2 protein chains.
Amino acid sequence: MTNNYYSDFESIKRLISVDCVIFGYDDEQLKLLVFKRIIEPSKGKWSLLGGWVKNDESSEEAAHRVLHHLTGLKYIYQEQVETFSKPGRDPGGNVITVEYYALIKIDEFTNQLISDYGAKWFALKDLPSLIFDHDILVVKALDKLRLKASYELFGKHLLPEKFTILKLRKLYNEIYQKEFDPANFRKKVLSLNVLERLEEKDKTESRKGAYLYRFKDVPEMEISGPVFRKSFVKK
Amino acid sequence: MTNNYYSDFESIKRLISVDCVIFGYDDEQLKLLVFKRIIEPSKGKWSLLGGWVKNDESSEEAAHRVLHHLTGLKYIYQEQVETFSKPGRDPGGNVITVEYYALIKIDEFTNQLISDYGAKWFALKDLPSLIFDHDILVVKALDKLRLKASYELFGKHLLPEKFTILKLRKLYNEIYQKEFDPANFRKKVLSLNVLERLEEKDKTESRKGAYLYRFKDVPEMEISGPVFRKSFVKK
DNA sequence: GCAAAAGTGTTAGGACTACACCCATGG
DNA sequence: CCATGGGTGTAGTCCTAACACTTTTGC
């Protein structure tokens, strides 16, 4: 299928991989899924989920393939972050990596798959040192995540279908490592008009009980400016 | 130098290219430099500046190399945008492209180099259709440019060393395709404290004459939030 | 004097912060 | 009845939009 106008350049072809920074949210903590590497070099050390990009697929497809294979989920939110190509970044070969982050609802898939792969969820602050330049990749993914969460109401892909405003606020607290004011957070979030209140209350976190909300079924939440200004956080 | 732990994967190696969206600002218009393609396929059609990523270099280095070769400039501002890898995106072969945008001060390099390459500056609105997926790459670069210009005072790499507030405002008008209010723009921009007023006036644009400014010599302008809110633009 | 951009001042409104305050209820 | 989160209200602050107004100077 592929033409070969470029057949003179066989010698500068390179291996392409994808690396996935997998975020989950559980136990009121933002967590990352990392893996005990099963191939050399650095076999046995912690790394991000990776995989090769095959000839007949895009990096998006490759990332989706490895994520699907791991989790069994058919839809996984993923977003391209950045591409790393410095020679020597992978001691095993001259590999270019396209980085993605993925958002997983931890409650939706079994831990069986995780243990099969020697994987483990770590809270951000407990994350061990990772191989190669993967520590940098994590920082880049977090930056992108934070940027995204500042431009649109975020949480659809990390929280369960139904959640309280408190849960959402705690997620934001985690992402920005700051305490949002409960009253102001509530008003701001509801004013965005992207949440739908259900006629159901959750009483596990308060005597009074809090309404459950879910994200409205809109194709994409378009907000033409920052959701949260820098000063929206206390102190 | 390179190990070959991955020698089983020779067959999925791919060609990597860089494509550069080159922005310039001249005649009060934001312009793009595009090229008459000199190789097949699509030889003779308009395209972005591209080049192969060699084995011993990163994509950043490759982009810098082709930009330097074109312009003769030793420092060029460039930023990675996104990576495109869909099979078939380049009819000439199975090529993965890392996209960069670059900012050029049009007055700083000769048009000789440009004509040697069959290149031409186009104002955004006059841009012809480009080969492959390059039209999409241009949109992505513009999005990234606009995002950047909303988070920090922008123009250092597009304007001459010395410029008036009017020039800066017209650049912002161009980037956002909107009319900023002269009085408010001035106050906002000066309040950011990143510009230095020179004891020099430019009288070409008004009888009264306007002070020239330049960007202060700070390593990087750190602003922890949007410079311009969405509502900063008129109407 | 007039036009046109430079530059300053002012006012109104919107958004956000901080915090007070009431509500509901399980223990 | 009290502690706790749920939820509402509000004063004050900050930011900015809109626009009036003065300045300067070449023509």
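In what follows, every chain begins at residue 1, and chains take the letters A, B, ... in the order their sequences are listed. Values in this document were obtained by computation on a predicted structure and should not be read as measured data.
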**Asked** For the side chain of B/Asp181 and the backbone of B/Asn184, is there at least one donor-acceptor N/O pair under 3.5 Å apart?
**Response** yes

**Prompt:** Quick check, are the ring centers of B/Tyr211 and B/Phe163 under 6.0 angstrom apart?
**Reply:** no

**Request:** Could you check A/Gly209 against A/Lys187 and say which one's nearest nucleotide on DNA chain C is further toward the 5' end?
**Result:** A/Lys187

**Message:** Just the rounded figure in Å: distance from C1' of D/dC27 to NZ of B/Lys203.
**Reply:** 13 Å

**Prompt:** Nearest-Å distance, CD (B/Glu205) to C1' (C/dA3)?
**Reply:** 16 Å

**Euclidean distance, atom CZ of residue B/Arg207 to atom C1' of C/dG1 [Å, nearest integer]** = 13 Å

**Item:** Whole angstrom value for the distance that separates P of C/dA24 from CG of A/Asp202
**Value:** 18 Å

**Message:** Would the base of D/dT23 count as contacting B/Lys208 through its side chain, where contact means a donor and an acceptor less than 3.5 Å apart?
**Reply:** yes

**Prompt:** With distance as the sole criterion, do the side chain of B/Lys201 and the base of D/dT23 form a donor-acceptor contact below 3.5 Å?
**Reply:** no

**Asked** Just to confirm, is there a sub-4.0 Å distance from OP1 or OP2 of D/dG7 to any side-chain nitrogen or oxygen of A/Arg186?
**Response** yes

**Item:** Residue whose nearest DNA chain D nucleotide is more 5′ - B/Ser191 or A/Arg197
**Value:** A/Arg197

**Prompt:** In terms of the angle between their ring planes, are B/Tyr101 and B/Phe23 parallel, tilted or perpendicular, with boundaries placed at 30° and 60°?
**Reply:** perpendicular

**Message:** Quick check for you: among D/dG5, D/dT16, C/dG7, whose closest atom lies nearest to any side-chain atom of A/Ser206?
**Reply:** D/dG5

**Item:** Given D/dC27, D/dG6, C/dA6, the nucleotide with the shortest approach to the side chain of B/Arg169
**Value:** C/dA6

**Request:** Whole angstrom is fine here: how far is it from CZ in B/Phe163 over to P in C/dA5?
**Result:** 20 Å

**Request:** Step through it carefully: locate the ring centre of A/Phe185, locate the ring centre of A/Tyr172, and say whether they are under 6.0 Å apart.
**Result:** yes

**Item:** Nearest-angstrom distance from the residue atom NZ of A/Lys170 to C1' of D/dT4
**Value:** 12 Å

**Asked** What's the CD1-C1' distance between B/Ile165 and C/dA4, to the nearest Å?
**Response** 18 Å

**Prompt:** Taking CG from B/Asn184 and P from C/dT8, how many angstroms apart are they, rounded to a whole number?
**Reply:** 13 Å

**Nearest listed nucleotide, side chain of A/Tyr211, among D/dT8, C/dA18, D/dG7** = D/dG7

**Request:** Among the candidates C/dC16, D/dC19, D/dG6, find the nucleotide nearest to the side-chain atoms of A/Lys188.
**Result:** C/dC16

**Prompt:** Aromatic rings B/His64 and B/His68: how do their planes relate, parallel, tilted or perpendicular, breaks at 30° and 60°?
**Reply:** parallel

